[in-house]
Each structure stands twice: as C-alpha cells, then as structure tokens.
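Residue numbers start at 1 and run along the sequence shown. Note that the coordinates shown come from a computational prediction; the quantities given were computed from them, not determined experimentally. Counting convention: from 1, in listed order, for ligands and their atoms alike.
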Amino acid sequence: SKYQQDFEARFNIPHITDVLPDAISYPSTFCLKMRTPIIPDFAERYPSDEEWHGYVNNNDRVLLKVIHYSSPTSAGAECIDPGCTWVEQWVHRAGPREKIYFKPEEVKAAIVTCGGLCPGLNDVIRQIVITLEIYGVKKIVGIPFGYRGFSDESLAEMPLSRKVVQNVHLSGGSLLGVSRGGPSVSEIVDSMEEREINMLFVLGGNGTHAGANAIHEECKKRRLKVAIVGVPKTIDNDILLMDKTFGFDTAVEEAQRAINSAYIEAHSAYHGIGIVKLMGRSSGFIAMQASLASGQIDICLIPEVPFNLHGPHGVLSHLKYLLETKGSAVVCVAEGAGQDFLEKINAKDASGNIILGDIGVHIQQETKKYFKGIGFPADVKYIDPTYMIRACRANASDGILCTVLGQNAVHGAFAGYSGITVGICNTHYVYFPIPEVIAQPKVVEPDSRMWHRCLTSTGQPDFV
Ligand code: ATP
Ligand code: MG
C-alpha cells in the first residue's frame with residue numbers, strides 16, 4: 001500500500017554510498033576478535049554462518065510494533081494506519097557489519113556532548129572510545145563544551161584513548177563539558193574539514209540531533225565522506241519510537257529519594273504537604289514512573305494532562321481532603337505541567353528553547369495562600385532535586401544501555417551510515433534516521449494504560 005511505501009521511504013536510513021557513489025568498502029575485522037575464543041568442539045556442532053561470525057546483515061530488521069491488534073477497536077489510539085489493516089513496520093538492526101566504509105587508520109573520530117547533563121554521558125563517551133580503538137582507530141578526540149568547541153579557539157580538542165576514559169563512568173557529568181548555543185552549521189562543518197574529522201559522534205537531545213542532521217546534510221552537500229551518528233540523550237525519555245533513553249532509569253531511581261524525603265517531611269509534620277518538582281519539559285514520564293515506583297505520591301501532575309488548582313475539583317481542595325482524611329499529602333509535579341498558570345516569561349536560552357516558569361514554586365505559594373485563606377493549618381515543604389539528579393552517575397541498567405548504544409554508534413559509523421541515531425526498540429538495538437525520532441517529543445498518552453495505572457496508584461481524581 002501507499003502507506004507502507006511512505007513508511008519504508010521514511011525509514012530507509014542514509015548510507016554513505018548514497019552520497020558518494022565511489023565510496024569503497026573494506027572487510028571488517030571487528031568480529032574476528034570475538035571469534036577467536038570459540039572452542040573447536042562447539043564450532044563443529046554448530047555450522048558457521050553469517051550470524052555465527054556476529055555480523056549483522058544490512059537487511060536485518062527489527063519490528064517496530066510488536067502487538068498484533070485483531071481489530072481497530074483494540075488498537076484504539078495506536079492505530080496509525082489510516083485503513084487500520086495491520087502493517088508490519090520494520091527498522092534497521094544495529095550492530096557490526098562485515099563490510100565497513102572507513103579504513104580504521106584513516107579515521108579521525110570526534111565526540112561532542114551538547115545540551116544539559118544526563119546520567120550516562122561519560123559511559124557513552126567511554127564506550128565509543130573503546131570500540132573505536134578495537135576497530136583500530138588511532139585518532140580520537142573530544143570536542144569541549146558542545147558545538148561551541150568547534151568555533152572557540154581557546155578550547156583545544158581533547159585527545160581520547162582507553163587510558164583517558166577508563167574510569168570516567170565512575171562519575172556523573174560529561175568529561176567533555178556541555179553547552180547550549182554556539183556556531184552555525186556551516187561553521188561547524190568548516191571546522192570539521194579543517195580538523196579532518198570524518199566520524200562525528202553527537203550526544204545530545206532534540207536540539208543537538210536537529211544540529212547533527214543539519215551537519216549531515218551539509219556534509220552531503222559538500223560531498224564529504226563523513227559519518228554523523230547521534231546517541232539520544234534525554235533524561236525525560238521523550239524521544240519517539242525508543243523503549244527508553246539512557247539516564248531515564250537513573251533519574252527515576254534518584255527521584256524516589258526526593259519523593260521519600262518529601263514523604264517523611266510531610267508525614268512527620270502536622271498537616272504536612274510535600275511538593276516535589278521533577279524534570280519533564282513536555283512529557284511527564286519521570287514524574288509518572290517515579291510516582292508509580294515510590295507508591296508515596298498522592299497527586300501526580302504532568303504536562304499532558306490539564307488540571308485546575310482552584311475550585312471544588314481543583315488540586316487544592318483535594319489536598320484539603322487528604323489532610324483531613326490522611327493527615328498528610330505528597331505532590332509530584334513535572335516541570336512542564338500547568339504552564340498556563342504562570343506568567344509568560346518570553347525568554348529563551350542560548351539554544352532558543354523557551355525558558356519555563358517554575359510550576360513547583362507556584363504550587364507551593366498557592367498552597368500556602370489557600371490554606372492560610374481558609375484558616376486551615378498546613379505545613380508546606382518544597383523539594384526541587386533537578387540538578388542533583390542530572391549530575392548523578394548512571395545506575396547499572398543505564399550503564400549497560402550506554403555501553404551497547406556507544407558500541408552500536410561506532411558500528412553504525414563504520415557501516416557507512418550517516419544522519420542516524422541509535423536506540424533500543426522492543427528490546428533490540430536499532431538505527432533510526434534522525435528526523436524520524438525528533439519530529440516531535442514523545443509524550444505520555446492520557447488514555448494510555450500506564451497513565452491509568454499511575455492514577456490508580458495515587459488515587460487522585462480528575463482535576464478539571
Ligand atoms: P536538552 O534536552 O538537554 O535540552 P538539547 O540537545 O535539546 O538537549 P539544546 O540546548 O536545545 O539541547 O541544543 C543543543 C545544541 O544544538 C546547541 O548548541 C544548539 O545551538 C544546537 N541546536 C539546537 N537546535 C538546532 C537546530 N534546529 N539546528 C542546528 N542546531 C541546533
Ligand atoms: Mg532539548
């Protein structure tokens with residue numbers, strides 16, 4: 001069908017041979033290292049084939065949607081095919097290829113981290129460096145402080161090797177530093193040409209990926225044999241089509257410490273109310289998951305679900321009800337929630353993102369005012385753990401995710417893909433064309449089962 005064709009066209013990822021017809025490939029030796037330790041006995045019983053060598057075939061695919069809906073009704077909002085007949089949708093499987101498009105000794109690879117901090121950045125940097133070295137790449141550099149490092153002459157590129165990155169994952173932050181704003185795309189590509197960089201690994205969020213895709217387009221225009229590969233960094237987990245992004249799991253885990261403190265404070269005070277603000281500019285995944293995980297939240301507020309503070313069905317009168325019945329209450333609010341209540345600041349950061357008003361402080365003030373107004377005692381405490389969470393080191397599950405994403409980013413670049421990003425989809429690792437995943441932020445569906453599970457767990461009513 002036309003739908004299927006459109007889909008396939010959109011998900012066909014850019015290959016370096018599409019840009020450069022004369023690009024030649026070389027046999028990869030990457031997997032030979034993996035083959036050596038295999039005991040002959042074992043090898044005899046299982047005949048060797050492609051898979052056996054560990055290489056991924058360029059035509060290998062991963063199913064994008066694993067549920068088979070038997071009718072349009074059971075598909076509900078998830079039915080994206082207009083005719084609602086089921087269409088299988090596949091994306092490219094990540095991993096090492098047998099043929100590679102760069103001679104390792106001719107590669108100069110650069111890594112750059114942009115935007116805000118997120119647990120796991122160092123883990124990804126580390127694994128990219130280690131994997132590049134296994135391929136035999138000698139020239140690996142870090143670009144300091146995001147895209148800015150391409151134009152600021154005072155910032156020297158940082159030579160990277162296994163020795164340099166060996167222990168970086170033991171601390172949070174980014175070894176290379178991050179920034180917002182910076183040079184134009186053509187300035188970045190000029191700088192890359194000057195430095196003879198032919199592989200660029202870009203770790204960042206939607207803005208950074210928009211930049212990475214623009215850099216890829218510019219390289220294509222200039223017919224440069226350069227691979228631009230992204231690793232999506234968003235603590236908010238708001239990237240389309242991916243099971244989850246690195247840092248999210250750690251954030252949810254850390255958020256619970258803040259929630260638990262708020263709970264203890266609220267519980268130990270007479271008519272205590274704890275308010276915790278968590279990350280989530282346009283999607284409430286962290287707030288929702290942390291509320292579900294902690295079991296200590298009475299009210300969870302996210303950007304996707306409108307609510308009223310005042311009025312008989314508002315958050316404040318529910319808080320009064322909770323104090324009367326339970327004696328205390330804990331609220332979890334995502335930073336992007338309830339922005340309508342706040343005065344527009346109309347300010348933007350260096351990257352052009354709108355600066356949000358502080359909904360946490362607003363709710364704290366309104367709660368205090370409300371209970372003072374009705375002469376009802378309430379002890380309100382507010383916790384904003386944002387910067388403490390962002391600066392954490394990755395937990396075990398994120399550490400693994402970062403490791404596999406880092407390895408696959410390098411495999412993708414060597415396979416000759418450019419303008420792609422790596423992700424995990426239905427538990428398998430895949431490559432996506434960048435525009436497909438940043439077209440809009442992934443959001444919590446208010447009709448989804450997960451959000452309803454959260455409501456069931458908090459016991460909160462609709463606040464409209
Ligand atoms: P976070 O989720 O932490 O905000 P981000 O990647 O979205 O991460 P931004 O500050 O928005 O962070 O952008 C990072 C970098 O990408 C900045 O240097 C910015 O100049 C650049 N950038 C953002 N949007 C674009 C775009 N549309 N085209 C080119 N470059 C962009
Ligand atoms: Mg962003």
Side-chain angles (χ1 to χ4, degrees), residues 110-122 124-125 142-152 155 172-174 176-192 200-221 228-240 242 244-248 250-251 278-286 303 334-336 339 347-356 386-387 389-392 394 398 402 405 409 419 421-423 433-443:
I111 308 173
V112 64
T113 55
C114 317
L117 288 184
C118 175
L121 279 170
N122 280 336
V124 179
I125 295 170
I143 303 297
F145 298 104
Y147 289 138
R148 170 193 297 258
F150 277 113
S151 62
D152 192 329
L155 300 171
S174 167
L176 305 174
V178 292
S179 74
R180 297 194 191 275
S184 69
V185 168
S186 67
E187 281 174 288
I188 294 173
V189 179
D190 288 347
S191 168
M192 285 175 61
L200 178 65
F201 299 95
V202 186
L203 282 53
N206 51 350
T208 308
H209 273 73
N213 200 55
I215 294 170
H216 157 70
E217 293 295 340
E218 180 64 25
C219 289
K220 203 161 97 178
K221 214 169 80 193
I228 313 288
V229 177
V231 183
K233 171 230 63 159
T234 157
I235 202 165
D236 294 352
N237 199 28
D238 58 356
I239 297 270
L240 291 174
M242 300 192 184
K244 65 173 178 179
T245 48
F246 74 82
F248 174 69
T250 309
L278 294 175
M279 292 81 77
R281 283 178 65 87
S282 41
S283 39
F285 288 104
I286 295 181
E335 63 178 316
Q339 288 295 310
K348 290 188 174 170
D349 68 15
S351 297
N353 301 305
I354 292 164
I355 295 177
L356 298 180
T386 306
Y387 289 105
I389 295 176
R390 291 183 2 157
C392 279
D398 273 332
C402 290
L405 292 176
T421 193
V422 293
I434 291 176
E436 287 307 321
V437 296
I438 58 162
Q440 72 228 32
K442 182 174 78 172
V443 294

Colleague: If we only count N/O pairs under 3.5 Å, is A214 in contact with ligand 1?
Modeller: no
Colleague: Using a 3.5 Å cut-off on N or O atoms only, is N206 in polar contact with ligand 1?
Modeller: yes
Colleague: Suppose we measure from atom 8 (O) of ligand 1 to each protein heavy atom; which comes out shortest, and what is that distance?
Modeller: K233 NZ, 3.3 Å
Colleague: Which residue and atom name correspond to the protein heavy atom nearest atom 27 (N) of ligand 1, and how close is it?
Modeller: A210 CB, 3.4 Å
Colleague: Let me confirm one number: the OG1-CG distance from T386 to L117, rounded to the nearest 0.5 Å.
Modeller: 12.5 Å
Colleague: Students should be able to answer this: which protein heavy-atom is nearest to atom 30 (N) of ligand 1, and at what distance?
Modeller: G211 CA, 3.4 Å
Colleague: Kindly identify the option in G146, P183, G207 whose heavy atom sits closest to atom 16 (O) of ligand 1.
Modeller: G207
Colleague: Output yes when the distance from some N or O of ligand 1 to some N or O of R180 is under 3.5 Å, and no in every other case.
Modeller: yes
Colleague: Against the six-membered ring of F285, is K244 placed for a cation-pi contact (under 6.0 Å from the centre, within 45° of the normal)?
Modeller: no
Colleague: Check S174 against T113 and note the closest heavy-atom contact, atom names and distance.
Modeller: OG-OG1, 2.9 Å
Colleague: Starting from atom 14 (C) of ligand 1, locate the nearest protein heavy atom and write down its residue, its atom name and how far away it is, to 0.1 Å.
Modeller: T208 OG1, 3.3 Å
Colleague: Check A212 against I228 and note the closest heavy-atom contact, atom names and distance.
Modeller: O-CG2, 3.6 Å
Colleague: Supply the atom-to-atom distance F150 CZ to M192 CE, rounded to the nearest 0.5 angstrom.
Modeller: 5.5 Å
Colleague: Using a strict 4.0 Å cut-off to heavy atoms of G181, name the atoms of ligand 1 that fall inside it.
Modeller: 17 (C), 18 (O), 19 (C), 20 (O)
Colleague: Between D236 and S283, does the side-chain hydrogen bond (donor to acceptor under 3.5 Å, both in side chains) criterion hold? Intermediate values first, please.
Modeller: CA-CA 7 Å; D236 294 352; S283 39; 5.3 Å; no
Colleague: Does an N or O anywhere in N353 fall below 3.5 Å from an N or O of ligand 1?
Modeller: yes
Colleague: Any atoms of ligand 1 less than 4.0 Å from a non-hydrogen atom of Y147? List them with their elements.
Modeller: 15 (C), 16 (O), 18 (O), 21 (C)
Colleague: What distance do L155 atom CG and L176 atom CG have between them, rounded to the nearest 0.5 Å?
Modeller: 11.5 Å
Colleague: So T234 and N206, side chain to side chain contact (heavy atoms under 4.5 Å, CB included) or not? Walk me through it.
Modeller: CA-CA 8 Å; T234 157; N206 51 350; over 6 Å; no
Colleague: Are any of the N/O atoms on C114, whether in the backbone or the side chain, positioned under 3.5 angstrom from an N/O atom of ligand 1?
Modeller: no
Colleague: Polar-atom distance check: G205 versus ligand 1, any N or O pair below 3.5 Å?
Modeller: yes
Colleague: Quick one: closest heavy-atom pair of G146 and S179, and the distance?
Modeller: CA-OG, 3.8 Å
Colleague: Please report the interatomic distance CG(D398) to SG(C392), rounded to the nearest 0.5 Å.
Modeller: 10.5 Å
Colleague: Polar contacts were defined as any N/O atom of the residue lying under 3.5 Å from an N/O atom of the ligand; does this apply to S351 and ligand 1?
Modeller: yes
Colleague: So, 2.8 Å as the limit: is an N/O/S atom of S351 located closer than that to the Mg ion (ligand 2)?
Modeller: no
